[in-house]
Amino acid sequence: MQRKHTLFALAALAAVATTGLVTGCASRPTPADLDAQALAMIKASFRDQGIAKVDRLNQDLGQAACSADKPPSDDVALRVEAEALASIRWPAGGQYIGDWREGEKLAQNGRGMTWTDSSAAPSANGAQCYNCHQIGKQEISFGTIGPSLYNYGKMRGVKDVADPDSAPIVQYTWGKLWNSKAYAACSNMPRFGHARLLDEQQLRHLMALLLDPKSPVNQ
Amino acid sequence: MADPMRIRAQVAGDKATVRVLMSHEMETGLRKDAAGKAIPAWYIQEVSAKLNGKSVLTAEWGASVSKNPFLQFSVRGAKLGDKVAVTWKDNKGDTRTDEATVS
Amino acid sequence: MLNRRKMLSHSAQVATLLAGVGLLPRGAQAAYNAPAFEIKTMAELAKSLGGGTPTESKDVALTGPDIAENGAVVPIGVSTTLPGVKKLLLLVEENPSVLSAMFDVTDAVDANFSTRVKMGQSSNVYAVALMADGKVLFAQKEVKVTLGGCGG
Amino acid sequence: MKPFSWIVTALALAVSVGAPAQQKSAADGIAEYRRMLEDGNPAELFEAKGEDLWKTARGPKKATLQRCDLGLGPGVVKGAWVQMPRWFADTQRVQDLESRLLTCMETLQGFDAAEIAKTGFDKGEQATLAALAAWISAESRGQKLALPQAHAEEKRFFELGKRAFFFRGGPMDFSCASCHGEAGKRIRLQDLPDLTKNPGDGIGFAAWPAYRVSSGEMWSMQRRLNDCYRQQRFPYPGFASDVTIALGVYMGVNAQGAKSIAPALKR
């Protein structure tokens with residue numbers, strides 16, 4: 001027991017030492033030092049559990065750029081947005097719209113991708129929409145992290161999703177769902193297509209929920 | 001061995017308000033564990049209370065009473081220093097009695 | 001205010017529930033009344049129709065939230081100011097077993113009990129008073145159960 | 001605007017569309033529900049258990065925890081919780097309540113701290129930790145958060161915690177700040193405190209440990225953070241790992257001066 005405790009203390013000391021902060025040494029870490037130390041601390045603090053592996057901590061450009069209490073510089077933000085825009089895969093055969101009923105089910109479903117979920121396949125995932133957005137007005141349990149999407153299509157003048165006049169908003173909506181960072185580098189919204197959270201068919205159903213004039217969202 | 005209850009009995013006029021928290025799973029028998037096996041029912045079925053040894057309340061509960069149950073009732077004629085005892089018995093036959101002094 | 005038709009339908013429901021529970025004909029107490037708690041569905045209850053006609057009464061009170069943030073813990077109070085009450089019952093219509101709790105009222109306690117129940121979904125909740133003269137009085141209220149954070 | 005009044009407004013608008021006029025708003029209903037639960041928090045059951053466990057001789061060394069130093073000297077429990085996490089000279093570490101209890105259980109009682117840290121929540125000695133945390137936090141109920149920031153390591157942990165708070169990762173790009181970086185937001189109907197500043201008395205850091213009605217369990221701050229990371233879709237944070245302690249320092253220092261209501265009652 002005593003030995004174990006000593007080891008514990010030694011390990012703690014070693015951790016402090018590697019960060020250049022041996023007790024008695026008064027030098028203040030610089031912000032860059034702290035950034036490196038924080039990263040090392042994060043990597044050392046997590047372990048794999050189920051489908052949630054530690055590689056989820058490896059940040060891409062956008063995640064790293066949006067990991068501070070201040071937004072990134074304009075040029076970095078533009079780079080993130082350009083990369084995100086280029087990543088969008090447009091739907092096969094130009095088929096953008098599915099069934100809003102299926103879309104509503106997905107929007108209600110907040111499951112998926114946690115270490116208690118058994119599969120990371122899109123079929124196991126919900127779209128989580130109501131966690132952050134108001135959508136259909138009959139659901140009163142909705143979040144407010146994102147804007148209200150009630151009347152999303154109607155307010156944007158979509159009377160017929162197949163009408164060429166609707167094409168810009170239809171494409172923007174698909175792009176936003178596929179990779180939200182294309183339009184705002186540090187958007188809070190998950191990249192449903194890019195991160196393979198949802199497949200094309202599921203995205204079509206969400207498109208219908210938002211844009212189909214028959215969807216309750218547009219009543 | 002079940003954990004003790006928390007009983008508060010406070011005088012309010014000519015009676016005492018009794019609030020009881022019981023430590024119990026109140027398992028319905030309808031839930032399944034992670035492996036898909038049904039979790040057996042385990043819940044308090046009978047609750048009774050005595051004031052200075054004399055029965056004042058009996059109740060029967062189903063499995064739909066919440067986990068770690070709460071019960072509030074008022075005992076007439078209870079005075080400072082009186083003893084309120086509460087007893088529960090569950091479907092496995094386990095039972096527990098705790099007592100509080102009216103304050 | 002409830003209109004008359006709605007009121008009657010509530011009365012019928014409570015009568016059905018009580019008949020299923022076996023409370024109306026039966027007055028015995030003694031041991032735990034297990035059959036009373038085994039009622040699973042409204043359909044099952046309908047089979048064993050019988051007993052008196054419960055009436056909604058302003059003298060019976062049911063307290064509970066309009067909306068429960070979590071169905072695992074729904075605070076409910078049942079009470080009556082009427083003399084001659086023998087039992088107070090707490091029923092949740094949409095639960096697998098409709099009867100949640102049954103309190104024997106003695107002269108030593110107020111006919112006023114509060115507890116917390118689990119609700120699988122939004123449901124009507126009933127406070128039912130069984131009176132010494134055989135009358136059955138009730139109060140009812142709908143409690144909505146919302147979906148919690150993150151839905152998962 | 002206070003988050004609450006904001007929600008009332010938003011919901012009143014949402015509900016008024018087609019709903020009967022006499023109906024209360026959903027937010028009023030939820031507020032009423034929470035008020036009804038205030039009296040009789042099952043956390044009390046765990047407080048009683050925790051006090052008992054503190055005073056009972058247990059473990060291979062058959063000793064109590066009554067000589068455990070939570071930062072205010074051996075055996076001093078009152079007021080200790082609102083000053084944690086803090087620097088401990090004997091372990092040369094910044095420790096939160098749970099990691100400090102692990103140290104005490106190992107040194108005083110002879111338990112294997114690493115083994116307890118690996119144990120699943122609510123099982124074995126983890127259940128002990130949850131009950132101890134309930135009682136110890138209750139002994140500071142009503143006191144204001146006052147985390148020391150004098151030691152260089154305490155300051156460094158604040159900086160590391162801040163960086164961890166804003167660290168985005170996982171398949172959904174979430175950080176702690178995604179949900180807790182702005183005031184007046186909700187997930188579904190849950191209010192989300194802004195943890196980058198003092199969110200007020202008894203909110204956020206000043207409310208945990210808490211009894212969770214959804215699971216009927218007592219949750220320590222460690223468990224709360226663990227579930228945050230689960231829902232953030234991150235990998236699994238080690239129990240009492242540095243990232244969890246650093247986040248505790250960051251949230252606690254931000255909420256400096258807020259009154260603790262722990263152990264609270266939560267959805």
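Side chains included, hydrogens not; waters and symmetry mates left out as well; all remaining heavy atoms used. Sequence lines set the chain letters: A, B, ... in the order given, protein chains first and strands last, and positions in each chain run from 1.
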So, taking the atom named CD in B:Glu46 and the one named CE in C:Met102, what distance separates them when rounded to the nearest 0.5 Å? 10.0 Å
Polar side-chain atom of B:Ser66 near backbone of C:Ala72 as donor-acceptor pair, under 3.5 Å: yes
Heavy-atom side-chain contact between B:Leu30 and C:Pro96 under 4.5 Å: yes
Given heavy-atom pairs under 4.5 angstrom as the criterion, report whether the side chain, backbone, both or neither of C:Val92 touches chain B. neither
Cut-off 4.5 Å, heavy atoms of chain C, and the answer for B:Lys15 is side chain
Can you name the nearest heavy-atom pair linking B:Gly62 to C:Tyr32, along with the distance? CA-OH, 3.9 Å
Tightest non-hydrogen contact, residues C:Thr115 and B:Phe70, listed as OG1-O, 2.8 Å
Nearest non-hydrogen partners of C:Asp104 and B:Leu57, listed with the distance: O-CD1, 3.6 Å
Pair B:Asn91, C:Phe37 - check side-chain contact (heavy atoms from CB on, under 4.5 Å), show working. CA-CA 12 Å; B:Asn91 65 321; C:Phe37 290 94; over 6 Å; no
Measure across C:Thr106 and B:Val56 and return the closest heavy-atom pair with its distance rounded to 0.1 Å. OG1-O, 2.7 Å
Given C:Leu90, C:Ile76, C:Asn112, C:Asp110, the one with more heavy-atom pairs under 4.5 angstrom with chain B than any other is C:Asp110
Determine the minimum heavy-atom distance between B:Ser64 and C:Leu99, stating which atoms define it. OG-O, 4.1 Å
Among C:Leu88, C:Val74, C:Asp107, residue most engaged with chain B (heavy-atom pairs, under 4.5 Å): C:Asp107
OG1 (B:Thr58) and NZ (C:Lys87) are apart, to the nearest 0.5 Å, by 6.5 Å
Please verify the inter-ring angle class for B:Trp61 with C:Phe103; under 30° counts as parallel, over 60° as perpendicular, anything in between as tilted. perpendicular
Using 0.5 Å steps for rounding, measure from the CG atom of B:Leu21 to the CZ atom of C:Arg116. 6.5 Å
Most chain B-contacting option - heavy-atom pairs closer than 4.5 Å, from C:Ser100, C:Ala101, C:Ala111: C:Ser100
Of the backbone (N, CA, C, O) and the side chain (C-beta and beyond), which part of B:Ala78 lies under 4.5 Å from a heavy atom of chain C, both, or neither? neither
Nearest heavy-atom pair of B:Met26 and C:Lys118: which atoms, and what distance? O-NZ, 2.5 Å
